[in-house]
Structures are given as C-alpha cells and as structure tokens.
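Okay, so here's the structure we're looking at.
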Amino acid sequence: MSDNFFDLVYRVVLQVPKGGVTTYSAVARFLNNPRGSRSVGWAMRQCNLPEVPCHRVIKSDGSIGGYGDEGVAKKAKLLRKEGVMITQGKVDLSKYEFRAFTLANFG
DNA sequence: AGGGTGACCCGCT
DNA sequence: CAGCGGGCCACCC
C-alpha cells in the first residue's frame, strides 16, 4: 500500500533498530532516488506517526538535522537514550549507521 | 501548468 | 575547516 512516497520512506525508516541511525540520503538511495534526499526530509516533516522512529534519520554528515516543532534537542536526547553517542553535535555514522535494509515489507 | 515549501546534499570559495 | 549557493525531488495550492 505504498501509493505515496511517504509510505515507502516509512517502510524503510521502520527497519532502523534502536541504537542505530540512517540518513536522508541513504533512504533516498534505497528507494532508487539518489537525488531525492530532500523529499525524504519533507516526508519526515509531514510524519507525525509515533510508531515511525523519524528521530533515527539524520544528515549524511552525521549532524542531527531537524525535528520539527519538537526541536533537535529532543531528537538528540532520544538518540542518546537509545545508546547512540553524539560528539560535537554529530554521530559517528561508521559505527551507528544501519545499512541492512530489506525489501520485505514492500510487497 | 507553474510556483512555493521543506527535518537535504554536494561542490566551490 | 566553515560558509554559501545551486540543484533535486515529492506534494500542495
């Protein structure tokens, strides 16, 4: 039931486990839209579903990015609580980036 | 059909 | 190494 780009994005983001992160760009690439990172960010902005861990999606340079009205402070706090270490406002993607995405939930 | 918005990315300076 | 500007993509008037 992936009529919208949102749904596709959500399927991907839902796969990111606690303690892991992914990037807008990585999600876009997985959806065969290497240049669609902005659309992913846009989808996150529209996302208000509590079951989607949108706080685990950060920028490709490791910085936190945004978190709508909640604020990046909240986002960073959530990540730390999940075990993701943040130094100098950035996450070490080589340690925390989740890459093992699957097409399982895409029908 | 065109313009505006948005939690981005990359190359250049 | 930090900052700026242009490019890209999906969606809503």
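Lettering of chains follows the sequences in order, A, B, ..., and the numbering in each one begins at 1. Model, not experiment: these values are computed from the prediction.
Heavy-atom distances to DNA chain C give each of A:Arg38 and A:Asn33 a nearest nucleotide, and the one nearer the 5′ end belongs to A:Arg38. Judged by closest nucleotide on DNA chain B, A:Trp42 is the one of A:Trp42 and A:Ile58 placed further toward the 5' end.
Remark: P of C:dC1 and CG of A:Asp61 are 13 Å apart, rounded to the nearest angstrom. Rounded to whole angstrom, the span from the CG atom of A:Leu31 across to the C1' atom of C:dC9 amounts to 12 Å. Atom-to-atom, NZ of A:Lys90 to P of C:dC1 comes out at 9 Å; the value is rounded to the nearest Å. Counting to the nearest Å, the C1' atom of B:dC8 and the NZ atom of A:Lys75 are 11 Å from each other. Atoms OH (A:Tyr10) and P (C:dA10) sit 15 Å apart, rounded to a whole Å. As rounded to whole Å, 13 Å separates atom C1' of B:dC10 from atom CZ of A:Arg29. In this structure, CG of A:Leu49 is placed 17 Å from P of B:dA7, rounded to the nearest angstrom. Nucleotide B:dC8 holds its P atom 13 Å from the CD atom of A:Gln46, rounded to whole Å.
Contact annotation: A:Ser25 side-chain N/O to B:dC8 OP1/OP2 distance is not under 4.0 Å. Between A:Arg45 and B:dA7, a side-chain N or O to OP1/OP2 separation shorter than 4.0 Å is present. At C:dC9, none of the side-chain N or O atoms of A:Ser37 fall inside 4.0 Å of OP1 or OP2 (strictly under the cut-off).
Side-chain proximity of A:Ser39 to C:dC11, C:dC9, B:dC9: nearest is C:dC9. Considering only the side chain of A:Ser60, B:dC9 comes nearest among B:dC9, C:dC8, C:dA10. Distances from the side chain of A:Lys59 to the nucleotides B:dA7, C:dC9, B:dC8 place B:dC8 closest.
A:Gly36 comes within 4.0 angstrom of sugar-phosphate atoms only, judged by non-hydrogen atoms across all strands, and of no base.
Under the 4.0 Å criterion applied to side-chain N and carboxylate O atoms, A:Glu82 and A:Arg80 are not assigned as salt-bridge partners.
Taking every heavy atom of both residues into account, A:Tyr24 and A:Ile64 meet most closely at OH-O, 4.4 Å. The shortest heavy-atom contact between A:Leu93 and A:Gly62 is CD1-N, 3.9 Å. Taking all atoms of both residues into account, the shortest heavy-atom contact from A:Ile58 to A:Lys75 is CG2-CE, 4.2 Å.
Ring to ring, A:Trp42 and A:Phe6 are close: their centroids are under 6.0 angstrom apart.
A distance of about 22 Å separates the C1' atoms of C:dC13 and B:dA7, rounded to the whole Å.
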